[in-house]
Visitor: 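Take this structure first; my questions come after.
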Amino acid sequence: MTFSIDKILEKKCTEKYIPFFIQFELTYRCNHSCRHCYVVNNKEKELGFKEITTILDQLVEIGTFYLCFTGGEIFIRKDFLDIAWYAKERGFFLILLTNGTLIEDKDIDELKKLRPLGIEISLLGARPETHDFITNTPGSFKRTISVIKKLVEQGIRVTTKTTLMKRNIKEYKEIKSLAQTLGAYAKIGAEIIPKIDGRKDPQQYQISWEDRLNYLYPDESESCLIDENIDEHRGLTCKAGKAVASISPYGDVHPCILMPIKLGNLREKTFKEIWYPKNNSILNKIRSIRASDLKVCSQCKWARLCVRCPGTAYLETGDLLGPSPSACEKAKWRAYCHKMSISPACQGSNISIEGGDIFGRN
């Protein structure tokens with residue numbers, strides 16, 4: 001097995017708790033109101049430009065390499081490109097997550113000069129009526145397609161991001177084909193997570209097992225099998241709180257964007273003080289999680305088929321260490337695709353953890 005320099009560096013950062021990759025949520029405001037969105041806009045006072053640049057300076061000092069700007073919708077901030085240019089000049093490798101609809105021609109010229117590693121744009125249907133229904137924004141499909149075309153024409157790497165749900169699952173193959181026609185890379189998944197405040201509203205749009213059989217099989221069967229020698233694919237390790245962190249629009253630092261456990265606030269402390277505390281029992285516990293702590297998952301004979309995310313498990317059940325219903329469903333699907341029997345721990349997608357704290361203790 002060969003490893004890229006990037007992977008070696010990531011491994012070293014994980015071992016030494018260097019925040020290799022930061023997801024910076026610049027705003028929770030958005031011009032769309034997507035039905036499956038997990039974001040909750042508390043309408044608190046967002047970080048200002050000067051506060052953000054100060055934080056970026058701190059991330060340079062602590063050793064961050066990759067910086068992902070996300071939201072909400074990043075282009076709803078009038079100072080976004082100023083923020084992006086400051087980050088570029090400080091040496092970060094930039095990834096931008098957007099719905100694309102607020103990007104003007106003048107912005108595309110700036111983005112071409114900025115040269116981010118990539119721009120990821122939501123594509124939620126292959127037809128206007130589907131995409132616009134999910135975004136709750138008439139005309140959003142037409143605008144999204146137009147912007148993707150213009151970005152690709154300028155040589156900017158674009159990845160379309162699609163969450164499969166009841167409304168768009170029938171268009172799965174069309175969405176893949178559309179992305180290819182546009183010259184973009186398609187990233188498609190079926191995971192719908194609860195809102196970050198714990199509400200389960202978005203999960204009503206999850207596809208069923210029958211949907212998987214009707215629209216994903218056998219087309220996706222080849223991509224289901226995971227190399228059992230790669231530990232991070234076994235659902236037993238996680239870089240959250242080690243080499244990965246997220247920052248909210250209000251300055252809260254979390255172990256990752258899907259693990260809304262507040263470690264500290266950057267209006268009160270520096271990132272270094274939060275990341276290397278003298279004593280933070282929550283952060284220390286997150287960093288100390290081992291495979292043996294996952295009492296159910298570590299004993300599952302199909303763990304090699306699992307891409308369990310502790311953050312998703314936490315949002316779904318309130319337990320960082322327990323099974324994630326969505327991960328169990330995916331493991332079950334992979335097993336089915338490869339004609340395997342199913343572990344009892346992965347049967348069904350209605351697993352829940354009652355009581356206890358975030359580490360599953362009663």
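Just so you know, these numbers use all the heavy atoms, side chains as well, and skip hydrogens, waters and symmetry mates.
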Visitor: Apart from V40 itself, what residues make up its hydrophobic cluster, given side-chain heavy atom links below 4.5 Å?
Guide: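 In the cluster with V40 are Y28, Y38, V39, I193, I196, Y250, I257, L258, L315.
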Visitor: Would you check, one step at a time, whether the test salt bridge (Lys or Arg N to Asp or Glu O under 4.0 Å) holds for K11 with E15?
Guide: CA-CA 6 Å; K11 185 175 184 294; E15 293 170 351; 2.7 Å; yes
Visitor: Between K106 and E110, does any side-chain N to carboxylate O distance fall below 4.0 Å?
Guide: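 No.
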Visitor: Tell me the closest heavy-atom pair linking T101 and H32, and the distance in Å.
Guide: OG1-NE2, 3.6 Å
Visitor: Of all the heavy-atom pairs spanning P202 and C37, show the shortest one and how long it is.
Guide: CG-O, 3.7 Å
Visitor: List the steps and the verdict of side chain to side chain contact (heavy atoms under 4.5 Å, CB included) for K50 and T53.
Guide: CA-CA 5 Å; K50 181 59 180 176; T53 57; 3.9 Å; yes
Visitor: May I ask you to test the F24-I55 pair for a side-chain heavy-atom distance under 4.5 Å?
Guide: yes
Visitor: Same cluster or not: F75 versus V152, using hydrophobic residues (I, L, V, M, F, W, Y) connected whenever any side-chain heavy atoms lie under 4.5 Å apart?
Guide: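 As far as the 4.5 Å side-chain criterion goes, V152 and F75 are connected within one cluster.
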Visitor: Show the nearest heavy-atom pair for residues P277 and L283, with the distance to one decimal.
Guide: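 So the minimum-distance heavy-atom pair works out to CD-CD2, 4.0 Å.
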Visitor: For the pair F20 and Y66, name the ring-plane relationship: parallel under 30°, tilted 30 to 60°, perpendicular over 60°.
Guide: tilted
Visitor: Which atom names give the shortest non-hydrogen contact between D293 and S288, and what distance separates them?
Guide: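 Heavy-atom minimum between the residues: OD2-O, 3.8 Å.
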Visitor: Restricting to non-hydrogen atoms, name the atom on K242 and the atom on R287 that form the minimum distance, rounded to 0.1 Å.
Guide: CE-O, 3.4 Å
Visitor: Hey, does L151 have a side-chain heavy atom less than 4.5 Å from the side chain of I121?
Guide: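 Answer yes - side chains close enough.
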Visitor: State yes or no: do L216 and M165 share one hydrophobic cluster built from I, L, V, M, F, W and Y residues joined by side-chain heavy-atom distances below 4.5 Å, directly or via other members?
Guide: no
Visitor: Output yes when a side-chain donor or acceptor of S146 lies under 3.5 Å from a complementary backbone atom of K142, and no otherwise.
Guide: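 No: the side chain of S146 does not pair with the backbone of K142.
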Visitor: Output side-chain donor-acceptor pairs under 3.5 Å for residues 129-136, partner residues at least two apart or in another chain, one line each.
Guide:
from : atom 1 : to   : atom 2 : distance (Å)
T130 : OG1    : E171 : OE2    : 2.4
H131 : ND1    : L124 : N      : 3.0
D132 : OD1    : S140 : N      : 3.3
D132 : OD1    : S140 : OG     : 2.8
D132 : OD1    : F141 : N      : 2.8
D132 : OD2    : G139 : N      : 2.9
T135 : OG1    : H131 : O      : 3.3
T135 : OG1    : D132 : O      : 3.3
T135 : OG1    : T137 : N      : 3.2
T135 : OG1    : S140 : OG     : 2.8
N136 : OD1    : R35  : NH2    : 3.0
N136 : ND2    : S33  : O      : 2.7

Visitor: So, taking the atom named NZ in K262 and the one named CD1 in I282, what distance separates them when rounded to the nearest 0.5 Å?
Guide: 13.5 Å
Visitor: Just so I know, are the side chains of D107 and F80 near enough to count as touching, which here means a heavy-atom distance under 4.5 Å?
Guide: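 They are not in side-chain contact.
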Visitor: Less than 4.5 Å apart, any side-chain heavy atom of R157 and any of Y185?
Guide: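 They are in contact (side-chain heavy atoms under 4.5 Å apart), so the answer is yes.
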Visitor: Check the side chains of N99 and E73 for a donor-acceptor pair under 3.5 angstrom, ignoring hydrogens and angles.
Guide: yes
Visitor: Closest heavy-atom contact between C328 and P323?
Guide: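 Looking at all heavy atoms of both residues, the shortest contact is SG-CB, 3.9 Å.
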Visitor: Could you check D197 against R199 for salt bridge (Lys or Arg N to Asp or Glu O under 4.0 Å), going step by step and ending with a plain yes or no?
Guide: CA-CA 6 Å; D197 64 359; R199 283 182 288 154; 2.8 Å; yes
Visitor: Is any side-chain heavy atom of T160 less than 4.5 Å from a side-chain heavy atom of L178?
Guide: no
Visitor: Would a 4.5 Å heavy-atom cut-off, applied to side chains only, mark E268 and E273 as touching?
Guide: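 No, too far: nothing below the 4.5 Å cut-off.
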Visitor: Any chance you could lay out the side chain to side chain contact (heavy atoms under 4.5 Å, CB included) test for R77 and R29, step after step, and finish with the verdict?
Guide: CA-CA 9 Å; R77 286 193 64 133; R29 292 174 290 148; 3.7 Å; yes
Visitor: When rounded to the nearest 0.5 angstrom, what is the spacing between CZ in R334 and SG in C306?
Guide: 7.5 Å
Visitor: Count the heavy atoms of every other residue, nucleotide or ligand shown that sit under 6.0 Å from CD of E51, and state whether that count exceeds 12.
Guide: yes
Visitor: What distance separates R90 CZ from Y86 OH, expressed to the nearest 0.5 Å?
Guide: 5.0 Å
Visitor: With rounding to the nearest 0.5 angstrom, report the NZ to CG distance, K161 to L123.
Guide: 12.5 Å
Visitor: Any chance you could lay out the side chain to side chain contact (heavy atoms under 4.5 Å, CB included) test for R212 and K332, step after step, and finish with the verdict?
Guide: CA-CA 11 Å; R212 289 180 181 269; K332 178 182 177 182; over 6 Å; no
Visitor: Tell me if the NZ atom of K200 is crowded by more than 12 foreign heavy atoms within 6.0 Å.
Guide: yes
Visitor: Measure from the side-chain N and O atoms of K330 to the backbone N and O of A190, and report whether any donor-acceptor pair falls under 3.5 Å.
Guide: no
Visitor: Measuring only between side-chain heavy atoms, which start at C-beta, is Q23 closer than 4.5 Å to I95?
Guide: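 No, every pair of side-chain atoms sits at 4.5 Å or beyond.
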Visitor: For the hydrophobic clusters of this structure (ILVMFWY residues joined by side-chain heavy atoms under 4.5 Å, transitively), does one cluster hold both I247 and I18?
Guide: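 Same hydrophobic cluster.
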Visitor: side-chain hydrogen bond (donor to acceptor under 3.5 Å, both in side chains) with N279: which residues, sequence neighbours excluded?
Guide: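 Per chain and number, N279 pairs via side-chain hydrogen bond (donor to acceptor under 3.5 Å, both in side chains) with no residue.
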Visitor: Using a 4.5 Å cut-off on heavy atoms from C-beta on, say whether the side chain of P19 contacts that of F271.
Guide: yes
Visitor: Test your reading of the model: is there a side-chain donor-acceptor pair from K88 to the backbone of L114, 3.5 Å cut-off?
Guide: yes
Visitor: Working note: L164 + I188, criterion side chain to side chain contact (heavy atoms under 4.5 Å, CB included); need CA distance, chi angles, decisive distance, verdict.
Guide: CA-CA 7 Å; L164 294 175; I188 302 178; 3.6 Å; yes
Visitor: Strictly below 4.0 Å, N to O, side chains only: are K150 and D105 in salt-bridge contact?
Guide: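 Salt bridge between K150 and D105, a charged N being under 4.0 Å from a carboxylate O: yes.
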Visitor: Flag yes if L81 and I156 sit in one hydrophobic cluster, no otherwise; membership is Ile, Leu, Val, Met, Phe, Trp, Tyr, and two members link when side-chain heavy atoms are under 4.5 Å apart.
Guide: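 Shared cluster, yes.
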Visitor: Determine yes or no for a side-chain-to-main-chain donor-acceptor pair under 3.5 angstrom, with W275 supplying the side chain and V253 the backbone.
Guide: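 Flag not set: sc W275 to bb V253 has no pair under 3.5 Å.
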Visitor: In this structure, are over 12 heavy atoms from other groups packed under 6.0 Å from K195 atom NZ?
Guide: yes
Visitor: Between S4 and D6, is there a side-chain donor-acceptor contact under 3.5 Å, judged purely by atom types and distance?
Guide: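 Absent: no donor and acceptor within the cut-off.
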Visitor: What is the ring orientation for Y336 with W209, classed by angle as parallel under 30°, tilted 30 to 60°, or perpendicular over 60°?
Guide: perpendicular
Visitor: Hydrogens and angles aside, do T27 and E46 bring a side-chain donor and acceptor to less than 3.5 Å of each other?
Guide: yes
Visitor: Quick one: pull up SG in C68 and CG in L96 and give me the separation to the nearest 0.5 Å.
Guide: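 The CG atom of L96 is 7.5 Å from SG of C68, to the nearest 0.5 Å.
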Visitor: When rounded to the nearest 0.5 angstrom, what is the spacing between CD1 in I169 and CD1 in I175?
Guide: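 Spacing of CD1 (I169) from CD1 (I175) equals 8.0 Å.
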Visitor: Are I103 and L182 joined in one hydrophobic group, where the rule is that I, L, V, M, F, W and Y side chains link up if heavy atoms are under 4.5 Å apart?
Guide: yes
Visitor: Using a distance-only test with no angle check, is there a side-chain donor-acceptor pair under 3.5 angstrom linking S324 and E316?
Guide: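 The criterion, which ignores hydrogens and geometry beyond distance, is satisfied for E316 and S324.
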Visitor: Side chains of D211 and S208: is there a donor and an acceptor less than 3.5 Å apart?
Guide: yes
